[in-house]
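Working notes for the structure below.
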Amino acid sequence: MILKEFSDYLKKNTDKNSVNLLNEWLIERLTKPSLSKVDNIIKTELYFAKNNNDKTLIIAKSETGRTLLNALYNFSLSFEQYKLSKFLHDKKANDFKKL
């Protein structure tokens, strides 16, 4: 359920790095009012902190939160690998000539 919503978000923003999109998506979910069960789960399991330099930190509140955060992070990395493999699919070695 959570991965489905995150994957929909990734599909809408394929031009950006997936890990950065994960951070944006989680911050958006944690700062806005809950509209769905996914929002409720994320707010229950994760915490969002911001320092004076506008750097953000997302922390798991429990072991299940750590599992959720790891799963989302690994999913974003796999989506990044998918985008790269899709880009390289029709390429040949000659397409990458040394300058």
Side-chain angles (χ1 to χ4, degrees):
M1 182 166 65
I2 296 171
L3 286 178
K4 167 114 176 66
E5 286 201 27
F6 180 55
S7 68
D8 292 341
Y9 185 77
L10 286 175
K11 289 175 188 176
K12 293 176 188 173
N13 301 293
T14 57
D15 56 330
K16 295 181 182 178
N17 183 301
S18 301
V19 176
N20 293 340
L21 286 172
L22 172 62
N23 190 46
E24 289 176 17
W25 185 73
L26 286 174
I27 291 170
E28 180 182 311
R29 295 292 176 144
L30 290 167
T31 56
K32 291 185 178 178
S34 296
L35 300 174
S36 66
K37 289 181 182 180
V38 171
D39 293 341
N40 290 337
I41 293 168
I42 289 173
K43 286 185 178 187
T44 302
E45 298 297 335
L46 303 176
Y47 176 76
F48 161 72
K50 190 182 233 185
N51 69 5
N52 295 338
N53 297 329
D54 285 336
K55 299 291 182 185
T56 58
L57 180 65
I58 297 174
I59 304 165
K61 294 179 182 177
S62 64
E63 186 60 37
T64 55
R66 277 189 285 280
T67 303
L68 172 63
L69 203 52
N70 279 333
L72 289 169
Y73 179 72
N74 289 332
F75 184 79
S76 64
L77 290 177
S78 68
F79 189 77
E80 201 63 32
Q81 290 174 348
Y82 166 76
K83 289 191 313 187
L84 180 63
S85 67
K86 195 172 174 182
F87 168 75
L88 293 174
H89 181 69
D90 294 329
K91 305 289 185 225
K92 295 181 176 46
N94 292 338
D95 294 339
F96 302 100
K97 292 184 180 179
K98 215 175 193 182
L99 297 177

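Note that the structure is a prediction, hence the values are computed from the model and not measured.
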Search all heavy atoms of [X] against all heavy atoms of [Y] and return the closest pair with its distance.
| X | Y | result |
| --- | --- | --- |
| Leu21 | Asn13 | CD1-O, 3.1 Å |
| Glu45 | Leu68 | CB-CD2, 4.2 Å |
| Lys16 | Glu24 | NZ-OE1, 3.8 Å |
| Thr44 | Asn40 | OG1-O, 2.7 Å |
| Ile27 | Thr31 | O-OG1, 2.8 Å |
| Leu30 | Leu46 | CD2-O, 3.8 Å |

Out of curiosity, [X] [atom1] to [Y] [atom2], how far, rounded to the nearest 0.5 Å?
| X | Y | atom1 | atom2 | answer |
| --- | --- | --- | --- | --- |
| Lys12 | Ser7 | NZ | OG | 10.0 Å |
| Arg29 | Asp39 | CZ | CG | 4.5 Å |
| Thr56 | Phe48 | OG1 | CZ | 6.0 Å |
| Glu5 | Ile41 | CD | CD1 | 9.5 Å |

The salt bridge (charged side-chain N to carboxylate O under 4.0 Å, His left out) partners of Lys4 (sequence neighbours excluded) come to Asp8
Backbone of Val19 reached by a side-chain donor or acceptor of Asn17 within 3.5 Å:
yes
Does Lys43 offer a backbone N or O that forms a donor-acceptor pair with the side chain of Lys61 under 3.5 Å?
yes
Is there a path of hydrophobic side-chain contacts, each under 4.5 Å between heavy atoms of I/L/V/M/F/W/Y residues, joining [Y] to [X]?
| X | Y | answer |
| --- | --- | --- |
| Leu22 | Leu57 | no |
| Tyr47 | Trp25 | no |
| Phe75 | Leu77 | yes |

Is atom OH of Tyr73 surrounded by more than 12 heavy atoms (other residues, nucleotides or ligands) closer than 6.0 Å?
no
Gln81/Ser18 under side chain to side chain contact (heavy atoms under 4.5 Å, CB included): CA gap, chis, key distance, verdict
CA-CA 10 Å; Gln81 290 174 348; Ser18 301; over 6 Å; no
Just say parallel, tilted or perpendicular for the rings of Phe79 and Tyr82, cut-offs at 30° and 60°.
tilted
Determine whether Leu26 and Leu72 make a side-chain contact, defined as any pair of heavy atoms from C-beta on separated by less than 4.5 Å.
yes
How far apart are the C-alpha atoms of Arg66 and Glu63, what are their side-chain angles, what is the distance that settles it, and do they pass the side chain to side chain contact (heavy atoms under 4.5 Å, CB included) test?
CA-CA 5 Å; Arg66 277 189 285 280; Glu63 186 60 37; 2.9 Å; yes
